Amino acid sequence: MKFFLDTANIKDIREGQAMGVLDGVTTNPSLVAKEGKPFKETVIQICEIVNGPVSAEVTAPDLEGMLEQGRSYAKWHRNVVVKLPTTRDGVKGCKTLAGEGIRVNMTLCFSASQALLVAKAGATYVSPFVGRLDDISTSGMTVVREIVQIYRNYGYPTQVLAASLRHPMHVVEAALAGAHVGTMPFKILEMMFHHPLTDVGMERFAKDWEKANLKDLEKAMK
Ligand code: G3P
């Protein structure tokens with residue numbers, strides 16, 4: 001499973017990269033706006049840190065605008081993946097951009113039927129939003145499982161990018177479902193490291209080691 005960070009925060013991306021487990025980054029207009037820096041500059045900076053796909057989302061709601069922004073983003077850096085919304089114009093845009101050799105991540109996907117459409121339009125990634133479905137009392141992970149199964153049934157090459165992940169179990173469940181990618185906030189990546197038994201084990205090893213060394217020291221002093 002590939003791990004992407006769902007952020008535009010440069011410090012967090014550098015830290016994720018240093019952990020050695022980062023395969024890419026996804027951004028969206030809300031995440032970029034939060035950092036308060038120019039969009040193009042931010043995307044290029046991220047592309048230079050991470051040796052993998054970096055999703056940059058269009059803001060135009062219409063086909064013409066999406067194509068114009070998408071073609072422009074794709075020229076910024078070889079790592080850029082154009083993110084389009086799963087609307088009627090978004091799917092049309094996906095078909096056109098994919099035909100031009102531009103990788104597309106179809107975002108705001110909330111159903112298996114939408115995922116079928118984007119696979120047929122040649123998307124490189126589909127992003128089902130797990131947490132936002134859970135928020136409205138619908139199982140986001142069920143949608144991920146359905147998409148994975150449908151893509152397998154027909155051999156669609158579109159990769160399932162589980163998005164809107166809110167806790168480590170979302171990542172684990174997405175992996176069990178066979179999602180190709182999980183994109184997560186930095187906080188979740190950090191949470192995945194933690195286990196109280198690892199901490200207790202470390203403390204115990206350190207204490208035992210210290211005791212043994214003290215004994216050796218006492219022996220040597222006799
Ligand atoms: O980047 C898209 C998605 O991961 C957003 O997540 O937490 O805002 O629903 P969230």
Side-chain angles (χ1 to χ4, degrees), residues 1-13 16-17 21-37 39-40 42-43 45-47 49-50 52-61 66 69-70 73 79-87 90-91 93-94 103-112 114-115 118 123-148 158-175 177 179-192:
M1 187 193 209
K2 289 178 198 140
F3 276 12
F4 290 1
L5 273 180
D6 196 25
T7 183
N9 184 283
I10 300 298
K11 188 173 154 278
D12 288 350
I13 292 168
Q17 178 69 13
V21 295
L22 189 61
D23 301 297
V25 170
T26 49
T27 67
N28 63 37
S30 311
L31 293 170
V32 176
K34 205 166 102 184
E35 300 306 318
K37 288 190 204 142
F39 179 53
K40 183 175 176 182
T42 306
V43 170
Q45 200 179 358
I46 298 171
C47 287
I49 300 169
V50 182
V54 174
S55 290
E57 188 161 342
V58 300
T59 49
M66 286 183 201
Q69 288 183 335
Y73 298 177
N79 289 348
V80 168
V81 172
V82 175
K83 211 175 182 189
L84 299 179
T86 308
T87 57
V91 172
C94 176
R103 290 176 298 168
V104 179
N105 173 5
M106 293 302 285
T107 192
L108 290 170
C109 173
F110 293 96
S111 71
Q114 288 179 311
V118 311
T124 300
Y125 301 100
V126 64
S127 292
F129 275 30
V130 176
R132 290 195 198 181
L133 279 167
D134 289 357
D135 288 346
I136 57 157
S137 306
T138 305
S139 168
M141 212 48 77
T142 299
V143 174
V144 171
R145 278 191 286 270
E146 286 173 355
I147 300 170
V148 169
T158 305
Q159 296 183 44
V160 181
L161 193 165
S164 184
L165 302 178
R166 303 275 170 80
H167 47 72
M169 283 313 290
H170 267 161
V171 183
V172 172
E173 283 166 24
H180 305 81
V181 189
T183 190
M184 65 203 85
F186 184 70
K187 186 185 70 182
I188 294 179
L189 182 59
E190 277 189 315
M191 285 164 86
M192 290 181 72

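Counting starts at 1 for both ligands and their atoms, in listed order. Sequential numbering from 1 along the given sequence is applied to the chain's residues. Bear in mind the structure is a predicted one, so any value in this text is a computation, not a measurement.
- When all heavy atoms are compared, the tightest approach of Met1 to Ala174 is CE-CB, 3.8 Å.
- In the vicinity of Ser164, heavy-atom distances shorter than 4.0 Å reach the ligand 1 atoms 3 (C), 4 (O), 6 (O), 7 (O), 9 (O), 10 (P).
- Of all heavy-atom pairs spanning Glu57 and Tyr73, the tightest one is O-OH, 3.3 Å.
- Between atom 7 (O) of ligand 1 and the options Arg132, Arg166, Met184, Lys83, the minimum heavy-atom separation is to Arg166.
- Here the options are Arg103, Lys2, Gln159, the test is side-chain contact (heavy atoms from CB on, under 4.5 Å), and the partner is Pro53; only Arg103 passes.
- Nearest to atom 3 (C) of ligand 1 among the protein's heavy atoms is Asp6 OD2, 3.4 Å.
- In the model, Ser55 has a side-chain atom that pairs as donor or acceptor with a side-chain atom of Asn105 under 3.5 Å.
- Taking each heavy atom of Gln17 and Val50 in turn, the nearest pair found is OE1-CA, 4.0 Å.
- Applying the 4.0 Å criterion to heavy atoms of Ala163 picks out, from ligand 1, the atoms 4 (O).
- The protein heavy-atom contact nearest to atom 2 (C) of ligand 1 is Phe129 CZ, 3.2 Å.
- Residue Thr27 has no N or O atom closer than 3.5 Å to an N or O atom of ligand 1.
- Distances between N or O atoms of Thr26 and those of ligand 1 include no value under 3.5 Å.
- Under the 3.5 Å distance criterion, with hydrogens and angles disregarded, no donor-acceptor pair is assigned to the side chains of Gln45 and Lys37.
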